[in-house]
Amino acid sequence: MKKSTNPIWGGRFKNSNSELLKKINNSISFDYELAFQDVKLNKVYSEALFRAKVITKNQKDKIIKALNEINQELINEKFKFSDSYEDIHMNIEMALKSKVGEIAGKIHTGKSRNDQVATDLKMWIREKLNEIIKRIKQIQKTIIRKSEENMNVIMPGFTHLQNAQPVLFSHYLMSFFEMINRDKIRSLQLIESLNECPLGSGALAGTNFFEIDRFYIAKQLGFKKPTENSIDSVSDRDYVVEFLTILSLISMHFSKLSEDFIIWASRAFEFIKFPDSLCTGSSIMPQKKNPDAAELIRSKTGRVFSSLSNLLIIQKGLPSGYSKDLQEDKEPTFDAYYSIEIILNVANEMIKSIKINKERMYLEANKGFTTATDLADWMVRKLGLSFRDAHYKTGKIVLLAEKEKKMLHQLTLDSLKKIEPKINKDVYDIILPEKSIFHKKSYGGTSLKTVVEAIKRAKKRI
Ligand code: ARG
């Protein structure tokens, strides 16, 4: 019989596809990314076909041997992906055919590319989540090391980007330990919840009389059990949205970190210095050294967010079952993951290599009346004022300091007494940044003692 069109599905076609159709339809240029998952899936499926007596032991052995060869070719980057076969599934099946001949045509018995691609992608996402967890742990270790190296460095903590209260730089940096720890936990939870295998759902209705053991397949592919509903299985991409949500949060966290560092590296702040290795120069201004690595982390975050909205938009109007729109889930997903990979690698390097200017940080921590809250609290504690009263009087003291162009601790006792007569010289003990920090001993606060304890706990939480 003459096969004039597509070797996989061409039977009902009289004429071949247009070049234009190939252009819009072919996905091999990006779904080659799923090659290893597809080979693994086909190996397990061949076992299942043998157990279901669809293929003989001899046929199965031949198929598995050929799939192992294909796997090796993929590892050695010798495998030739061909544009003539629209996607990764066809590429693998046709490569198998070139090795074992017509029996390759048996491996698609009872399966569809619809359940196949959903399974491949789920497996891919699980692998990548593990990769992300590994890298997050790496960064958490870097954060701890950097915090310990700069344990006592005092800086102004900000709200509204205005100097707010003194904090330890180590405490600031450890705040990112917490953010990415949540990302790590989310990733672990998602791996845990991606435990149902779609394979064996067929095109949408399940498989016919072949007794394919879906529980066996699920186990072999690292899942706990098969999915419950075949229609849902071929169209479900919730897990992709969940994956991209996690990636969005990760990138959001590192975008914030980058933003802090970019501002702090500016001439106006001079809190930190980036190493030459993470900066670029200007083609016109000879003096420039720009924090491009951090800026690119910030902007790649936009790409990751857009992948998430892309996936939501693709799915919002789809009718039940599989539609080819779902093929468009891959490029944004792969792009988001590889953006995250580079974000994590660069962020790790960035945290490791920035130089901290503790003199500048300390000086700035003194400015902006950062210990005004400590002063108000002192009036509550020592003078018995209500917090509102103390807040108001401290506000007046701040106005006075502003007028006299002084820091709080530079005001004389006499001028303080004019605003609150009960104030005594003990107040000078609490309005220096280091004193303010010393007293922040609440659990999770910025005192040296609590930060040391937090780091001790953090080491156990990695
Ligand atoms: N390349 C397709 C995708 O990524 C595989 C599934 C094709 N299914 C189909 N009914 N044409 O979604």
Side-chain angles (χ1 to χ4, degrees), residues 146-175 260 263-264 268-272 356-457:
K146 195 75 174 183
S147 300
E148 287 184 329
E149 282 166 19
N150 297 279
M151 207 57 214
N152 279 309
V153 174
I154 295 174
M155 59 173 277
F158 300 95
T159 61
H160 312 266
L161 198 53
Q162 305 285 322
N163 291 16
Q165 293 185 327
V167 294
L168 289 178
F169 170 75
S170 47
H171 191 53
Y172 158 80
L173 201 53
M174 286 300 290
S175 71
D260 280 342
I263 294 173
W264 295 358
F269 271 76
E270 289 186 315
F271 278 11
I272 61 165
I356 311 299
N357 184 344
K358 59 176 188 224
E359 289 77 25
R360 275 286 307 138
M361 282 186 173
Y362 181 70
L363 187 69
E364 237 5 87
N366 281 276
K367 294 187 194 164
F369 318 107
T370 52
T371 54
T373 316
D374 302 277
L375 174 55
D377 285 345
W378 182 84
M379 288 198 241
V380 171
R381 210 160 42 96
K382 297 285 180 183
L383 312 183
L385 270 59
S386 75
F387 183 72
R388 275 294 146 245
D389 196 14
H391 186 289
Y392 184 81
K393 286 185 171 147
T394 306
K396 291 288 172 217
I397 291 172
V398 166
L399 270 183
L400 179 72
E402 222 168 34
K403 198 169 121 215
E404 294 188 8
K405 295 197 176 16
K406 285 181 174 164
M407 295 186 197
L408 291 180
H409 66 272
Q410 293 169 332
L411 291 169
T412 63
L413 191 55
D414 279 348
S415 45
L416 291 174
K417 276 180 179 300
K418 268 184 213 133
I419 294 166
E420 170 47 59
K422 283 188 279 176
I423 288 185
N424 59 53
K425 65 174 182 6
D426 290 354
V427 74
Y428 293 102
D429 264 356
I430 53 100
I431 51 180
L432 282 176
E434 49 272 42
K435 292 289 165 55
S436 163
I437 284 174
F438 179 81
H439 289 291
K440 297 291 187 306
K441 286 185 187 149
S442 58
Y443 189 90
T446 196
S447 77
L448 183 61
K449 178 175 172 285
T450 40
V451 175
V452 166
E453 283 165 7
I455 291 181
K456 211 184 279 168
R457 290 194 300 274

*Could you tell me which non-hydrogen atom of Val451 sits nearest to which non-hydrogen atom of Gly445, and how far apart they are?*
CG2-O, 3.8 Å
_A side-chain contact here means heavy atoms from C-beta on lying under 4.5 Å apart; do Val427 and Leu375 qualify?_
yes
*Closest heavy-atom contact between Val398 and Ala372?*
CG2-CB, 4.1 Å
*Using a 4.5 Å cut-off on heavy atoms from C-beta on, say whether the side chain of Glu402 contacts that of Phe369.*
yes
*Donor-acceptor pair, side chain of Asn163 and main chain of Pro156, under 3.5 angstrom*: no
*Going by an N to O cut-off under 4.0 Å, is there a salt bridge joining Glu364 and Lys367?*
yes
*Side-chain heavy atoms of Asn152 within contact of Leu448, under 4.5 Å*: yes
*For Leu383, does its backbone N or O pair with a side-chain atom of Lys422 as donor and acceptor, under 3.5 Å?*
yes
*Interatomic spacing from CD1 in Ile272 to CZ in Arg360 - rounded to 0.5 Å*: 12.5 Å
*Applying salt bridge (Lys or Arg N to Asp or Glu O under 4.0 Å), which residue pairs with at least one partner in residues 380-389 are found, sequence neighbours left out?*
Asp389-Lys393
*Under the side chain to side chain contact (heavy atoms under 4.5 Å, CB included) rule, what do Asn366 and His409 come out as? Steps first, then yes or no, please.*
CA-CA 9 Å; Asn366 281 276; His409 66 272; 4.0 Å; yes
_Just verifying a value: how many Å separate Leu411 CG and Ile419 CD1, rounded to the nearest 0.5 Å?_
7.5 Å
*Going by atom types alone, do Tyr362 and Glu434 pair a side-chain donor with an acceptor below 3.5 Å?*
yes
*Working to the nearest 0.5 Å, report the span between CD of Glu420 and NZ of Lys396.*
14.0 Å
*Of all residues at least two apart in sequence or in a different chain, which pass the salt bridge (charged side-chain N to carboxylate O under 4.0 Å, His left out) check with Glu148?*
Lys459
*If you round to the nearest 0.5 Å, how far is CE of Met174 from OG1 of Thr450?*
11.5 Å
*Trace of the side chain to side chain contact (heavy atoms under 4.5 Å, CB included) decision for Ile356 with Met361*: CA-CA 8 Å; Ile356 311 299; Met361 282 186 173; 3.7 Å; yes
*Not counting sequence neighbours, which residues clear salt bridge (charged side-chain N to carboxylate O under 4.0 Å, His left out) with Lys440? List them please.*
Asp374
*Applying side chain to side chain donor-acceptor pair (under 3.5 Å) between Gln165 and each of Thr373, Thr370, Thr371, report the one that passes.*
Thr373
*If you measure from CZ on Phe269 to CG on Asp260, what distance do you get to the nearest 0.5 Å?*
9.0 Å
*Specify the closest pair of heavy atoms between Ser436 and Pro166, including all atoms of both residues, with the distance to one decimal.*
OG-CD, 3.7 Å
*Given side chain to side chain contact (heavy atoms under 4.5 Å, CB included), test Ile437 with His171 step by step and report yes or no.*
CA-CA 11 Å; Ile437 284 174; His171 191 53; over 6 Å; no
*Between CE of Met379 and CZ of Phe387, what distance do you get to the nearest 0.5 Å?*
10.0 Å
*Work out which heavy atom in Ala376 is nearest to a heavy atom in Ala390; give both atom names and the distance.*
O-CB, 3.4 Å
*Taking the side chain as every heavy atom from C-beta outward, state whether Ile154 and Leu168 have any atom pair closer than 4.5 Å.*
yes
_pair Trp378-Ile423: side-chain heavy atoms closer than 4.5 Å_ = yes
*Hey, does Leu400 have a side-chain heavy atom less than 4.5 Å from the side chain of Lys418?*
no
*Under 4.5 Å between any side-chain heavy atoms of Leu413 and Tyr428, yes or no?*
yes
*Within a strict 4.5 Å, meaning less than it, do heavy atoms of the Leu161 and Ile263 side chains meet?*
yes
